[in-house]
Amino acid sequence: MNKTVQTILEYAQRLVDENVVSESDMISMRSELNFMYITKAGAKLRELTEDDVIKLNIFKVDNEYKYHAEIYKEREDINAICQCYPKWVMPIAKAGVTIPAVLDDMAQIVGPTCKTSADDIKSIIKTLKGRNSCLVKDKGCITSGRTLDEAYTCVLVLDKASHCFVASSVIGENKIINGFEARLMRFIYKTKYSKKNQENLSAKEEGEKVSEELPAKEEGEV
Amino acid sequence: MAWDKETELKLRQVIKDSGVALLNENLVQGTWGNTAVRLDEDHMLVTPTGLDYIALTPEDMPVVQISDPSIWSDGKKPTSERKIHAAIMQARPEINATIHSHPIFCSILASARIELPVMNDEMQKLVGGPCRVGAYGLPGTKKLKEGTVAAMQGRNACFMANHGVFCAGKDMDEAFEIIRIMEKSCYQYIQECTLKATGQSTYSDELLFDYFVAQKTAPKGKKK
């Protein structure tokens with residue numbers, strides 16, 4: 001089996017195991033500059049097979065694949081996308097509000113805030129500017145990354161931060177990490193200890209030979 | 001070294017099992033948590049940094065000096081949170097095992113920086129009173145370490161602001177009992193707050209969803 005397809009199947013199962021999927025989730029990975037492998041529209045991640053993953057030219061796609069294709073066209077730094085409907089993200093997407101930096105791991109992995117975009121690709125691209133995740137009004141979330149592992153981790157961290165944000169409505173407002181510290185953590189995460197990991201993971205997801213042991217996280221480990 | 005090889009081997013297995021148990025009990029996500037167990041007055045075994053708990057072997061656990069956690073030997077590179085484990089072990093000679101993790105319900109209270117009142121007899125017995133919140137500090141900083149040590153005074157657990165929870169016991173079994181009761185008590189607190197806010201008598205996640213959406217979408221000045 002193609003290594004990229006295998007990676008997509010593996011991470012689809014991980015998302016199912018973590019209970020952060022619904023019925024119409026889609027995940028994809030860039031292949032070369034102008035192509036992507038993507039789960040077929042309508043295919044359920046719970047029952048995904050090799051035949052449900054297709055390779056498309058990002059400049060020649062049908063409407064149902066447009067969100068992924070347009071993000072890849074616009075953002076050459078993005079190599080993988082998860083479009084999911086995690087349980088705790090949904091009420092925030094419905095309310096259409098922004099999640100502030102409620103937890104260290106959110107500030108590091110998702111970013112200092114996560115905004116809700118209108119449900120159209122222009123707004124999504126605009127909301128994703130300088131970020132790798134956003135919520136989509138009345139829908140779920142779109143996360144992206146240098147690797148599928150990074151996009152997948154974003155889904156988990158975003159769902160946890162969302163749970164904290166939603167529960168804060170009854171236990172007392174979240175005390176937000178200040179903007180400078182949140183941005184500093186994000187900067188360190190992106191430039192220091194995750195960079196080498198992502199380079200190795202990227203090679204691994206694409207089936208290249210990599211060293212057995214990935215470099216461990218350094219200071220700032222969450 | 002003031003410990004024998006047999007004890008070390010046994011404790012290496014204890015710490016390996018602790019990582020797997022955290023995963024199995026859904027008390028940790030991925031590699032984002034760490035545990036430590038005391039070997040003697042000035043040494044402890046800790047989990048290595050950023051590595052998969054299932055794949056780790058007992059031999060991978062490094063020995064860290066409590067009085068100067070920058071010094072370590074054997075095993076793989078220790079967790080960067082070792083300074084907090086060491087500070088607690090140094091301040092509290094009766095503590096022999098520590099757990100730092102980010103289970104969901106503890107994380108919720110940590111993110112709101114709310115002191116958890118005593119929710120049940122088990123919490124009083126195991127934690128020793130209300131669970132405080134340590135001052136916020138960036139991961140790996142002295143401020144975070146000192147805030148955690150201060151919040152742990154006279155307690156066996158504390159929240160780390162916007163981060164997670166820290167638990168300490170006389171052994172790893174007790175440290176596990178503490179993190180379990182903390183997670184259970186936090187959930188109980190959130191449920192009680194939801195029922196109080198909504199005026200309902202039975203908790204469901206949907207009740208919390210609806211309350212949140214109503215709060216966030218209410219016209220300004222009409223929030224409850």
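In the text below, chain A, chain B and the rest are named by the order of the sequence lines, each starting its count at 1. Only heavy atoms go into these numbers, but all of them, side chains included; no hydrogens, no water, no symmetry mates.
Here the closest non-hydrogen pair linking B:P139 and A:D104 is CG-OD2, 3.7 Å. Of all heavy-atom pairs between B:N162 and A:V102, the closest is ND2-O, 2.8 Å. In this structure, B:A112 and A:G172 approach most closely via the heavy-atom pair CB-O, 3.8 Å.
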Give the table of side-chain donor-acceptor pairs shorter than 3.5 Å for residues 12-19 of chain A, with sequence neighbours excluded, one pair per line with atom names and distance.
unit_1 : atom_1 : unit_2 : atom_2 : d
A:Q13  : NE2    : A:D17  : OD1    : 2.9
A:R14  : NH2    : A:E10  : OE2    : 3.1

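By the side-chain hydrogen bond (donor to acceptor under 3.5 Å, both in side chains) test, B:T202 pairs with no residue at all, sequence neighbours left out. In terms of the side-chain hydrogen bond (donor to acceptor under 3.5 Å, both in side chains) criterion, residue partners of A:D52 (sequence neighbours excluded) are, by chain and number, A:T49.
Summarising the local packing, CG of A:D77 is surrounded by more than 12 heavy atoms from other residues, nucleotides or ligands at distances under 6.0 Å. Counting non-hydrogen atoms of other residues, nucleotides and ligands closer than 6.0 Å to CD of A:E76 gives a total of 12 or fewer. In this structure, A:K137 places its NZ atom where more than 12 heavy-atom neighbours from other residues, nucleotides or ligands lie under 6.0 Å away.
Inspection of non-hydrogen atoms places no residue of residues 113-136 of chain A under 4.5 Å from chain B.
The closest side-chain heavy-atom distance from A:M185 to B:L138 is below 4.5 Å. No side-chain heavy atom of B:I108 sits less than 4.5 Å from a side-chain heavy atom of A:F165. Residues B:K216 and A:S169 fail the side-chain proximity criterion, which asks for heavy atoms closer than 4.5 Å.
The part of A:I176 that comes within reach of chain B is its backbone (N, CA, C, O), which places non-hydrogen atoms under 4.5 angstrom from that chain. Using a 4.5 Å cut-off between heavy atoms, B:L208 contacts chain A through both its backbone and its side chain. Both the backbone and the side chain of B:F209 come within less than 4.5 Å of a heavy atom in chain A.
Taken from NZ in A:K94 to OG1 in B:T217, the straight-line distance is 8.5 Å, to the nearest 0.5 Å. Going from atom NZ of A:K175 over to atom OG of B:S111 covers 9.0 Å, rounded to the nearest 0.5 Å. We find the CD1-OH distance between A:I171 and B:Y189 to be 6.5 Å, quoted to the nearest 0.5 Å. Atom NE2 in B:H163 sits 9.5 Å away from atom CD1 in A:I177 (nearest 0.5 Å). Residue A:E173 holds its CD atom at 13.5 Å from CZ of B:R113, rounded to the nearest 0.5 Å. The structure places NE2 of B:H102 at 6.5 Å from CG of A:D105, a figure rounded to the nearest 0.5 Å.
Partner B:F212 forms a side chain to side chain contact (heavy atoms under 4.5 Å, CB included) with one of A:P91, A:S168, A:S162 and no other, that one being A:P91.
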side-chain contact (heavy atoms from CB on, under 4.5 Å) between A:W88 and B:D205, intermediate numbers included:
CA-CA 9 Å; A:W88 291 98; B:D205 289 344; 3.7 Å; yes

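When each of A:V170, A:T153, A:V97 is checked for heavy-atom pairs under 4.5 Å with chain B, A:V170 comes out on top.
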